There are 2 protein chains.
Amino acid sequence: MTVATSDEGPAVPVTIRDVARASGVHISTVSRTFSAPHLVNPETRVRVLACAEDLGYRPNRAARALITGRTHNIGLIIADIANPFFPPLIKAAESQARHRDYHVFVADTNEDPTAEEELVHALAKQVDGVLLCSPRMSNSLIEQLSREVPLVVVNRQVTGLPCVLMDVGQGARAAIEHLIGLGHRSIALLGGPRSSWTNREMRRAATTAARSGGVELTVLGPNAPTETGGLAVADQVRRSGVTAVLAYNDLMAIGLIEGLDALGVRVPQEVSVVGVDDIALSRLTRPKLTTVATPTGAAGRTAVDMLLQQDIESPRGARGPGAGTALGVRRTTAQVMLQTDLVIRDSTGPGPHARPARPLAAPPGPDPHCPAGPGVPTAATGDAVAS
Amino acid sequence: MTVATSDEGPAVPVTIRDVARASGVHISTVSRTFSAPHLVNPETRVRVLACAEDLGYRPNRAARALITGRTHNIGLIIADIANPFFPPLIKAAESQARHRDYHVFVADTNEDPTAEEELVHALAKQVDGVLLCSPRMSNSLIEQLSREVPLVVVNRQVTGLPCVLMDVGQGARAAIEHLIGLGHRSIALLGGPRSSWTNREMRRAATTAARSGGVELTVLGPNAPTETGGLAVADQVRRSGVTAVLAYNDLMAIGLIEGLDALGVRVPQEVSVVGVDDIALSRLTRPKLTTVATPTGAAGRTAVDMLLQQDIESPRGARGPGAGTALGVRRTTAQVMLQTDLVIRDSTGPGPHARPARPLAAPPGPDPHCPAGPGVPTAATGDAVAS
DNA sequence: TACTTCACTGCAAACCTTTGCAGGGATCAC
DNA sequence: GTGATCCCTGCAAAGGTTTGCAGTGAAGTA
């Protein structure tokens, strides 16, 4: 380890006043040079700019925000940055924001609802709005927080708030039908976090699809939405005697496959596995993962658009002329539902020709109605969920 | 898609003044209630707190920062958030920061030096310091930016700035020696991004180790540090006739294995592959990846510590008493080098008993000195790199 | 009683910037 | 020559908060 001393430290901060003094004009002229150049004489402008450059002046964005009410920042709160599901969403959001001259600040909550709330507070006055992705806190808390800072919720339906949803219900249905079509009659659903909206939607849709397909559905969980979570239930899956599994997400599916492999259970020969998300990794595992692709990029872009739209409509901090009547700003809130796609790869295969090989298997469901009729449409009709 | 209208929008912002009015005290008392509670009468305090609670008051952190000069935020700039190398670093940094009552804002640059620079400017006045991880811009630009906001650099050596480095030189050496020990005589190094400090260090150390081991080292690259980057060079690797490869990082190693697999080349039977980073994924691929484990968590924690330490020493925005003499603040800068570890798993195996099977193989190096002597120590002696 | 001490609170400046308003000077038309 | 118009610039308030200083009243001490 080297230790050195230097006096190249952050220089004394140079403010608009320093530039004004150096260029012999009033600070308001300097201000205008940067925020409304057309209002200042070209000659003055170049002089001011030269001085600014010379002194290394940069407008203080915090001070500017204090008076304009706009920071040109967007906060992005996500449950777990280690989940490869999120990076494409983040990148899409950042790219979209950049086009609109906004910056995105990302924060990770470690799936902790308390951290989520605290982060919203922390970000509140430093950003123009927050994108809340796969939140773990309650709907009522989200509504309450939305009075503090404009919010757009991703992967959760909150009435009265703009939401970006992915139709995992349809995806789960497609997955179950795919498995039924392959001849599976006993299927497990690996649940994710309890407070996840996606989790509830999947469960509902999978249950419906299984019922109308006349097959048995075992729900295992809740589980941590990670490889470890999937790994941990491998033994339970094996003993349950199911021949196919729909996992809450790809990470769990991958962990499960790993766990089954360790137990000597082959995928897809003995057990078929379907994930959700279509993370980049799902193309790299062996077997390549059959999964429900979710439009993460579109979700990020859409969320930014919705936030900025609502943001532009109602300039921040606008006190009513009548001296602070507590009348909220009127605004429109839309909820968009993005489509999902089943991507069939190598982790699903034909169901057992005979009964399940494992002795502990529960008997198949008693009343098979129709072989594989499309289930009741469940999209977009959900009420508020996730207490 | 549902569209609705609501007037539950963000309420009129409630300020310290509103609380003061409601509780019948001066704003300074309200301020003290929050930032110096011991200075205000307990009765007054509870009254003020009640009013604040009632009105839903939250101190405006931006305004506070304007006057105190401290935001209690840390910026974290990352080359590519999709690289699983970073999440553990991010999480460690966040956890460490939280203990010190700081928040971390993460931003991704897409490996784009321009975006990096812009982000530093954007963050400058909204955070107390920035952690620059695996930067892609020039050292001189970094030095220049460090005058705008306190900086700690991770994975890059910049003289005069606090740096957190991982000893990838030692790691690369250990990897090469491991391969030599297995009997490999013709090894390739898959290079990463040209402007990466890690890339240069690895190359230097690998070259030295190969030379002193008397084996041939082929450098392939630069390449994108992603699965795709690894996938893309698979054919080149095959044709080069090497029997072992050290990749710039795990992602490339995994992509390479995938690519070799597609070409019918078996790992590790025909070609051994070593990665760097030990991302979680490297335990899940098949074969499990042999890799140089880098202490990402420790790096994140250390970086936060170094930033906060330097930050505390020199309170921001302190103008000298002599009315703005441009004398920089004196501060200490340390450079720490963290150790790496070779983790041997299943992607490396014995070298060829005979000559390499492929016809195109280059002849082995002419002068084998010592079988596997430890190379010259290269740690911590590097000058500034990466123009 | 007079004086000190103490706890608490109010006053006002400060942080850095933006912006509505008004003033100054030049240009132009009549 | 007068008045209107226009471009540019300065003035000062505002945004929400912190903080050094001073002032108040009460308690304590002699």
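Quick caveat: nothing in here was measured; it's all calculated off a predicted structure.
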**Prompt:** Atom CZ of A:Arg64 and atom C1' of C:dT18: how far apart are they, to the nearest Å?
**Reply:** 9 Å
**Request:** Whole angstrom is fine here: how far is it from NE2 in B:His72 over to C1' in D:dT18?
**Result:** 13 Å
**Request:** Keeping the roles fixed (side chain from A:Arg45, backbone from A:Pro37), state whether a donor-acceptor pair exists under 3.5 Å.
**Result:** yes
**Request:** Could you identify which residues of residues 24-37 of chain B place a heavy atom less than 4.0 Å from some atom of DNA chain C, listed by residue number, or say none?
**Result:** B:Val25, B:His26, B:Ser28, B:Thr29, B:Arg32
**Message:** Just the rounded figure in Å: distance from C1' of C:dA12 to CD1 of B:Ile67.
**Reply:** 11 Å
**Request:** Round to the nearest Å and state the distance from A:Arg17 atom CZ to C:dT17 atom P.
**Result:** 8 Å
**Asked** Side chain of A:Glu116, backbone of A:Met137: donor and acceptor closer than 3.5 Å?
**Response** yes
**Request:** May I ask you to say what B:Arg61 touches in the nucleic acid, namely base, sugar-phosphate or nothing, with a heavy-atom cut-off under 4.0 Å?
**Result:** nothing
**Message:** So does A:Lys125 get a backbone contact from the side chain of B:Arg58, meaning a donor-acceptor N/O pair under 3.5 Å?
**Reply:** no
**Along DNA chain C (nearest heavy atom to each residue), the more 5'-positioned of B:Arg45 and B:Leu66** = B:Arg45
**Item:** Check: B:Glu148 side chain, B:Ala124 main-chain N or O, donor-acceptor pair, under 3.5 Å
**Value:** no
**Message:** Can you give me the closest heavy-atom contact between B:Thr71 and B:Ala65, atom names plus distance?
**Reply:** CG2-CB, 3.7 Å
**Asked** For B:Asn41 and D:dA26, what is the distance between atoms CG and C1' respectively, to the nearest whole Å?
**Response** 12 Å
**Prompt:** Counting side-chain heavy atoms from CB outward, which of C:dC16, C:dT9, D:dT19 is closest to B:Thr44?
**Reply:** C:dT9
**Request:** Just do the side chain to side chain donor-acceptor pair (under 3.5 Å) check on A:Arg17 and A:Tyr57 with the steps written out, would you?
**Result:** CA-CA 10 Å; A:Arg17 230 174 296 269; A:Tyr57 168 73; over 6 Å; no
**Message:** Tell me the interatomic distance from A:His38, atom NE2, to D:dC8, atom P, rounded to whole angstroms.
**Reply:** 10 Å
**Request:** Check for a donor-acceptor pair, side chain of B:Asp128 on one end and backbone N or O of B:Ile74 on the other, with a separation under 3.5 Å.
**Result:** no
**d(CD1, B:Ile16; P, C:dG10) in whole Å** = 12 Å
**Request:** Round to a whole Å and report the spacing from CD of B:Gln126 to P of C:dC16.
**Result:** 15 Å
